Amino acid sequence: MADVRVRIAPSPTGPLHIGTARTALYNYLHARHVGGTFILRLEDTDQARSSIAYEKDILDGLHWLGLTWDEGPEVAGDAAKGPHAPYRQMERLELYAEAARQLLAGDKAYPCYCTPDELAAERARQEAAREPPRYWGRCATLTQEERAAFEAEGRRPAIRFRVGEGTVAFDDTIRGHVEIDVANLGGDFVIVRADGSPLYHFVVVVDDAEMAITDVIRGEDHLSNTPKHILLFRALGHELPRFGHLPLILNPDRSKMSKRKSQTALSDYIAQGFIREALVNYLALLGWATGTEEEILSLEEIVLRFDIADVHKGGAVFDRERLEWLNGQWIRRLSSEDLIDRLRPFVAAEHEAGRIDRMPGDEELTALLPVVRDRLPTLGAIGDLAGFLWVDRLDVDTGVLVPKRWDRKTAVEGLTAAAATIDAAAEVAFEADELEPPLRALAEERGWKAGDLFMAIRVAVTGRTATPPLFDTLVALGRERTLERLRAAIELLERSPVIVDGT
RNA sequence: GCCCCCAUCGUCUAGAGGCCUAGGACGCCACCCUUUCAAGGUGGAGAUCAGGGGUUCGAAUCCCCUUGGGGGCACCA
């Protein structure tokens, strides 16, 4: 399959949607697998809803995923890439105007003078009569005189495409043979608004034709629209591309994944600390499988194995838990330097948000990595996991400071003895290996379960019951702060009134 | 309403007529490891392959119907 050309054509009317990201990925995978060309085109004809901020979010998202395009618009001073520039539809208006003139000249399209109000009234009537909504064709057969009369009224015409009769059939790369009767298309449809701006179904065809797209790979929501596109391709005298319709990504209730019911913006996943390797891996496996039992796959490995014909037909529910698991798998596979680079912005975010009081240096993070790595489902979890290391004043809940099997008095004794033991051990070296034995010995000597002693210390120095391994944590904290927090905890226990008993 | 598409454990999926008393993964449960939490290891529960008819010696796999779900029917994309 030489000379395959595919495209992703997002419209900058919202942040990059997880579904668009997957469509982009599948297009990219197909292009790379067969050695074809991957094109990015911006569909910004809906000027009312398009924005430059969304455009940036989309481009950044695709870059972040590693889906580099071979042809695409100029961005941030970099010139457009590719022989079919410009790649922004608002800069291609002349092309559409020319195509519209061509259709009008061949009477494959006609001016329609129906007003929005008239159209709405007719639609309401159809709905009331329980008829399927369709344009009833009032302007399809207007004479020159009638058109002139409307023009004289000051009406500006939209342009409608004649769908004609018959059935349109095509062989979908993913779904196989599909056939739709033109009568079910909803009548002649508008391709150019009354204000002269072209509409989606029209521009997509003009552009796919002009850009010589060979494979249109897109979401299933376009399957029913494909006959319109095919009709347009033919009317314009262009060869048809192959069409492949991807299954939809679904909300847990199996409806099309939406902002209302799911987190759909890729940028939100990025902000929470999902990493590109995991997202790419997860998205690739949502609707496609290798046929083997391998599932942790890099983008390169997926490119090698991907075959558009193996893509599923049924929709797939987006399962965040599985994504988190994959994310953890990938975080564990990152090199230390890489992980630190990716972690730093998340630590900085904690700092900016005021949840921690200082930024740890690289050496500190590096030292922490071994104990933190297996405990990070996302990069964003770093604050929860280790934030206590970087705060000046720790908030400790007296309630959890006393281990379940202990009473308050024992806790005070335990922490006091632990502080002394730690202080003594630190004279040798403040290292995990030096701290653990004497503390275990202390517990044994006093008849305490080591776990209880450790838990009291853990809560005293971290404020929480779930933390990385205790001795590594103490080392990360440093001798001074460890002792300081131990003293503060003891004081807290002695000072606070006894409310509950058993203590 | 009309048209189109889809249908294997809760979820993602393997499966292209006999290898399936349906395999893997996530999640869940138990155990092991263990100072907590994870990670890791082992084991388990979990799908009469939506239902019903065919075809065939034989069907999760092919055909038909039913049911269920989804999508589309804009001067949105």
Side-chain angles (χ1 to χ4, degrees), chain A residues 9-14 43-46 48-50 112 114-116 119-120 123 126-127 129-135 157-160 172 175 178-181 183-187 189-195 197-201 203-204 219-228 245 247-248 250 252-256 282 285-296 312-326 328 332 371-377 385 403 436 439-440 443 449-455 457-459 462 464-471 473:
Chain A
S11 85
T13 53
E43 311 223 323
D44 55 354
T45 56
D46 185 351
R49 294 196 298 147
S50 293
C112 171
C114 298
T115 65
L119 259 12
R123 203 165 299 127
Q126 288 168 339
E127 199 174 324
R130 317 196 71 184
E131 289 170 19
R134 80 190 317 271
Y135 179 62
I159 300 175
R160 276 187 197 273
D172 192 282
R175 277 147 216 283
V178 176
E179 228 175 283
I180 299 180
D181 192 322
N184 296 313
L185 259 31
F189 57 93
V190 174
I191 56 176
V192 179
R193 294 185 181 91
D195 69 4
S197 59
L199 258 7
Y200 171 75
H201 293 306
V203 295
V204 75
E220 185 190 338
D221 42 354
H222 286 297
L223 188 58
S224 302
N225 290 326
T226 302
K228 291 183 184 174
H245 289 91
L248 261 19
L250 275 21
D253 66 3
R254 305 203 74 86
S255 56
K256 177 161 78 165
Y282 180 69
L285 259 20
L286 252 198
W288 172 81
T290 59
T292 69
E293 277 171 9
E294 38 182 17
E295 51 189 354
I296 311 283
H312 304 155
K313 300 177 182 179
V317 173
F318 190 89
D319 181 2
R320 190 189 169 98
E321 304 236 41
R322 195 172 152 82
L323 205 213
E324 283 197 8
W325 168 76
L326 257 180
R332 273 164 240 141
V371 296
V372 129
R373 177 177 250 132
D374 286 349
R375 278 162 254 264
L376 286 175
L385 192 60
E436 183 166 355
L439 283 168
R440 281 193 187 280
K449 284 194 167 242
D452 287 338
L453 209 217
F454 295 170
M455 183 53 84
I457 300 171
R458 167 176 294 112
V459 174
T462 69
R464 34 191 32 190
T465 55
T467 69
L470 182 60
F471 306 104
T473 302

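Just so you know, these numbers come straight off a predicted model, no measurement behind them. Within every chain, numbering begins at 1; the chains are lettered A, B, ... in the order of the sequence lines, protein sequences first and strands thereafter.
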Exercise for the section: Ignoring the backbone of A/Asp46, work out which of B/A77, B/C75, B/A74 is nearest its side chain. Expected result: B/A77
Exercise for the section: Please check the phosphate of B/C6 (OP1 and OP2 only) for any side-chain N or O of A/Lys313 closer than 4.0 Å. Expected result: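 So the side chain of A/Lys313 is within the cut-off, an N or O lying under 4.0 Å from OP1 or OP2 of B/C6.
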Exercise for the section: Would you state whether a donor and an acceptor, one from the side chain of A/Arg123 and one from the base of B/A74, lie under 3.5 Å apart? Expected result: no
Exercise for the section: Using a 4.0 Å heavy-atom cut-off across all strands, classify A/Ser11 as base, sugar-phosphate, or nothing. Expected result: sugar-phosphate
Practice task
Quick one: label A/Arg464 by what it contacts on the DNA or RNA (base, sugar-phosphate, nothing), any heavy atom closer than 4.0 Å.
Solution key: nothing
Taking atom [atom2] of [N] as reference, at what distance in whole Å does atom [atom1] of [X] sit?
X: A/Asp221; N: B/C73; atom1: CG; atom2: P; value: 9 Å
X: A/Lys228; N: B/A77; atom1: NZ; atom2: C1'; value: 12 Å
X: A/Asp452; N: B/U35; atom1: CG; atom2: P; value: 12 Å
X: A/His201; N: B/G72; atom1: NE2; atom2: P; value: 11 Å
X: A/Glu295; N: B/G23; atom1: CD; atom2: P; value: 16 Å
X: A/Arg458; N: B/C37; atom1: CZ; atom2: C1'; value: 8 Å

Practice task
Could you let me know what B/A25 is paired to, Watson-Crick or G-U wobble, both distances under 3.5 Å, or none if it's on its own?
Solution key: B/U11
Exercise for the section: Inspect the surroundings of CD in A/Glu127 and state if more than 12 heavy atoms from other residues, nucleotides or ligands are less than 6.0 Å away. Expected result: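 Incorrect, the count does not exceed 12.
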